[in-house]
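Protein chains get the first letters and strands the later ones, always in sequence-line order, with residue 1 at the start of each. For clarity, every value in this text was computed on a predicted model and none was experimentally measured.
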Amino acid sequence: MKAFTQMKALAAPLYRSNIDTDAIIPKQFLKSIKRSGFGVNLFDAWRYLDEGFPGQDANTRQPNPDFVLNQDRYQGVQVLISGENFGCGSSREHAVWALDDYGFRSVIAPGFADIFHNNSFKSGLLPIELPSDVCEKLAADCVATEGYTLDIDLRARTVSTPEGDVYEFEVDQFRRDCLLNGLDDIGLTLQKRNRIEDYESTRRQFAPWLFNAQ
Amino acid sequence: MAGKTLYDKVWDAHVVDEQEDGTVLLYIDRHLVHEVTSPQAFEGLTIAGRKPWRTNSMLAVADHNVPTTSRAEGIEDPVSRLQVETLDANCKTFGVTEFDMNDHRQGIVHVIGPEQGATLPGMTVVCGDSHTSTHGAFGALAFGIGTSEVEHVMATQTLLNKKTNSMLVSVDGEVGPGVTAKDIVLAIIGEIGTSGGNGHTIEFGGEAIRALSMEGRMTVCNMSIEAGARAGMVAVDDTTINYIKGRPFAPTADQWEAASTAWRTLVSDDDAEFDKVVRLDATKIEPQVSWGTSPEMVTSVGNRVPNPDAITDSAKADGVRRALEYMDLAPDTLMTDINLDRVFIGSCTNSRIEDLRAAAAVIKDRKVADSLKQALVVPGSGLVKRQAEEEGLDKVFIEAGFEWREPGCSMCLAMNADRLEPGERCASTSNRNFEGRQGAGGRTHLVSPAMAAAAAIAGHFVDVRSFS
Ligand code: SF4
């Protein structure tokens, strides 16, 4: 996994509540058996005027000029500022892969759906929860100021604005360590192989029906 | 010390290891797998040279991409076909039990797990699919995971997870006639909102939940994710245990006594404390219809579409305005004045035998309205389909003008050929009314099977209680 420590990057606002994973990456693109290439279809139904389907040549599509990410000033964006309950809906990690593939490294919102939040950490996308009045202000400032950048420091757990405001955010110790060091969860867990085996053999004794083979 | 909730009991029984910050290594008993969220996980295993930890914890099925018309010709769309073939190949390579597309037991993953007895009380059940919450109906702790976590479970039989808060949703009293599990859960989501359950595991209790069949409880738990909850659970009782008995994966004769005795302890203690408690009066719940693009945008069938101008909270008013625009609905429209293009009865929320019986009872000896382009019934599994045919339900549907299809996810998310065209409006027994969910530009209204059936006959929504 990609490590995340500190970065100063361009932000874009998409300030609405309940942005669901179907909106982030529509289902027709979930047919891929790969992990990459989802960025061109991020927010597909909002971003393009024509209907998207897998395997299209992106150069022949009609971008929606009104959609925020299509504006020149947001090219090279890495931070998304959004509303309550971001990433609700399906468990598709493709939503995170699409954001990541597009170039996003962090999403700032007042709240995230549980599975999306979990998934983000696995691909090195940092979900940052800040109070809704702060998110609203950041989104408004972002609209008002061309080239609005935020400084995100995972070690210090802070988001700093160009005006010098600093907001602290919370993140689990374990997740922060994994992200700071780009650690692979599975490798870490397998270091506890013996404990898993011990647990399993005890449980097999008390609840053998859980281990029946078919 | 306060007693334990059902959630506490199942959680505690699965803790392999706990770190200082509360991150737990949680043992997983059952891992359900489908074609959409597994290929990258299998690939990850292969690249790392790892093997699944315990293949007999896994059960795989293709459901999202499969055609619901005849299976004989295979899958026409080459991208869908590749995904299904990839699952077949992975299951073969790694020795995972799979019900392939032509197996008579094939169906929607959340229908076949319980149907096979692969979902048991007290288990931890995961699947790369958010509606894994369905399995909580059995007093299991069941939740959806992303593909990286699918790989983690395959490789280690565990997940890294943190305990959520607990929430009791108690539905007190009895529901009136014509009010179903779907109406109960839509009313709950209407009440607490789509993020009302965020950070929580919900236990559904109260007389109205206890009175539900397992099918009904699955419908309720299925939609816990639509309230933002990690999982939904229902305590074990006779209804649970009777349902499981004799199913193929269920404990065999010599284990049955010990298993069922253990399962009976899977209830919250009387003195257990929940972090949050919500109570609903079952007698006040009416048949529900969603009007917007989020499951919380729902109301009773006798009501009207809301008027954003009457909402004081401006963010909320904007959300309603945007939803009504997408749904092409004028403020204050009577729900019963909304005309439909298609009706879909199916999905892991409502495609079990009881759902089909409820729908068939409404349409018997009636005809689908001429104004409808299509009315579709997609059974949840091959076994549900067979059972329905034995009961003659297929004839009831077909005579009324419904199409009777092969099992799968179908028009719930339109990954196969079944979908809405842009602008079309559908009464659907599924669980999500998000923009484009049933096809780009399509408009979805969530309802119970009985309400969908009545709407198919009338061509618009009607209150199934006064429908004659
Ligand atoms: S029926 Fe719908 S909600 Fe259920 S698993 Fe299939 S696509 Fe997901």
Side-chain angles (χ1 to χ4, degrees), chain A residues 16-18 20-23 26-28 30-35 45 51-52 54-55 83-85 88-94 96-97 111-116 118-119 122-123 172-175 185-190 192-193 195-196 198-200 203 206-214, chain B residues 16-17 19-21 23 25 27 29 36-37 39-40 43 48 50 53 56 65 79-80 82-83 86 97 120 122-123 128-130 144-149 151-152 155-158 160 162 194-195 198-199 228 230 248-249 251-252 255 259 262 294 315 319 413-415 432 434-437 440:
Chain A
R16 35 175 115 162
S17 303
N18 298 320
D20 58 74
T21 53
D22 280 76
K27 73 276 191 147
Q28 62 268 38
L30 308 190
K31 296 181 184 184
S32 166
I33 56 171
K34 299 204 173 71
R35 235 176 221 273
E51 197 185 332
E84 185 56 59
N85 203 25
C88 60
S90 95
S91 68
R92 59 187 73 158
E93 197 163 322
H94 313 65
V96 174
W97 299 336
F112 293 89
D114 190 49
I115 307 177
F116 178 87
N118 267 340
N119 287 343
K122 313 288 176 186
S123 294
D172 286 347
Q173 178 71 33
F174 175 72
R175 283 178 158 150
D185 281 359
I186 297 179
L188 285 178
T189 298
L190 285 174
K192 296 185 178 159
R193 174 178 283 280
R195 306 204 55 159
I196 304 171
D198 288 350
Y199 171 91
E200 227 172 25
R203 189 140 172 93
F206 292 107
W209 55 86
L210 295 175
F211 297 85
N212 289 346
Q214 264 301 305
Chain B
V16 174
D17 185 46
Q19 302 179 29
E20 248 169 53
D21 74 344
T23 303
L25 196 59
Y27 189 81
D29 296 311
V36 182
T37 53
Q40 298 87 352
E43 184 190 54
R50 293 177 175 133
W53 182 282
N56 74 2
N65 282 281
V79 201
S80 285
L82 177 64
Q83 200 166 57
T86 304
T97 304
L120 296 174
M123 272 184 164
D129 195 283
S130 59
I145 56 179
T147 298
S148 296
E149 291 186 310
E151 186 182 339
H152 194 280
T156 70
Q157 210 58 42
T158 63
L160 289 158
K162 264 195 156 177
T194 43
S195 55
N198 278 12
R230 165 89 56 84
F249 286 62
T252 41
Q255 292 173 347
S294 157
L413 99 162
M415 264 184 95
R432 286 193 175 135
F434 298 157
E435 289 183 18
R437 170 77 178 181

Q: I would like to know whether A:Trp209 and B:Met123 meet side chain to side chain contact (heavy atoms under 4.5 Å, CB included); could you show each step before the answer?
A: CA-CA 11 Å; A:Trp209 55 86; B:Met123 272 184 164; over 6 Å; no
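- Distance check: A:Gln173 CD to B:Glu20 CD gives 8.5 Å after rounding to the nearest 0.5 Å.
- At a 4.5 Å heavy-atom cutoff, the contact between B:Thr194 and chain A is made by backbone and side-chain atoms alike.
- When atom types are taken as modelled, the side chain of B:Asp21 and the backbone of A:Phe174 share a donor-acceptor pair closer than 3.5 angstrom.
- One distance of note links CG of A:Asp22 with CG of B:Leu413; it measures 7.0 Å at 0.5 Å rounding.
- Looking at B:Thr158, only its side chain comes within 4.5 Å of chain A, counting heavy atoms on both sides.
- Panel note: side chain B:Glu149, backbone A:Lys122; no donor-acceptor pair is recorded below 3.5 Å.
- Counting only distance, with no hydrogens or angles, the side chain of A:Lys31 and the backbone of B:Leu82 share no donor-acceptor pair below 3.5 Å.
- Annotation: ring-ring contact (aromatic ring centres under 6.0 Å, His included) contacts of A:Tyr199 (sequence neighbours excluded): B:Tyr27.
- Contacts of B:Gln40 with chain A are made by both backbone and side-chain atoms, with heavy-atom separations under 4.5 Å.
- The OG1 atom of B:Thr156 sits 11.0 Å away from the CG atom of A:Leu188 when rounded to the nearest 0.5 Å.
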Q: Check the pair A:Ile115 / B:Ser130 against side chain to side chain contact (heavy atoms under 4.5 Å, CB included), numbers first and verdict last.
A: CA-CA 8 Å; A:Ile115 307 177; B:Ser130 59; 4.0 Å; yes
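- Between B:Glu151 and A:Arg35, at least one side-chain nitrogen of the basic residue sits less than 4.0 Å from a carboxylate oxygen of the acidic one, meeting the salt-bridge criterion.
- The backbone N or O of A:Asp114 lies less than 3.5 Å from no partner atom in the side chain of B:Arg230, so there is not a single donor-acceptor pair.
- Considering NE2 of A:His94 and OG1 of B:Thr37, their distance stands at 7.0 Å, rounded to 0.5 Å.
- Here CG of B:Asp17 is found 9.5 Å from OG1 of A:Thr189. Values are rounded to the nearest 0.5 Å.
- At least one donor-acceptor pair under 3.5 Å links the side chain of B:Asn56 to the backbone N or O of A:Phe211.
- When the candidates B:Gly199, B:Gly228, B:Ala315, B:Ala259 are compared by the number of heavy-atom contacts under 4.5 Å with chain A, B:Ala259 comes out ahead.
- Taking the charged nitrogens against the carboxylate oxygens, B:Arg437 and A:Asp20 have no contact shorter than 4.0 Å, which rules out a salt bridge.
- Heavy-atom distances place the side chain of B:Leu160, and not its backbone, under 4.5 Å from chain A.
- With rounding to the nearest 0.5 angstrom, the CG atom of A:Asn118 is 10.0 Å from the OG atom of B:Ser148.
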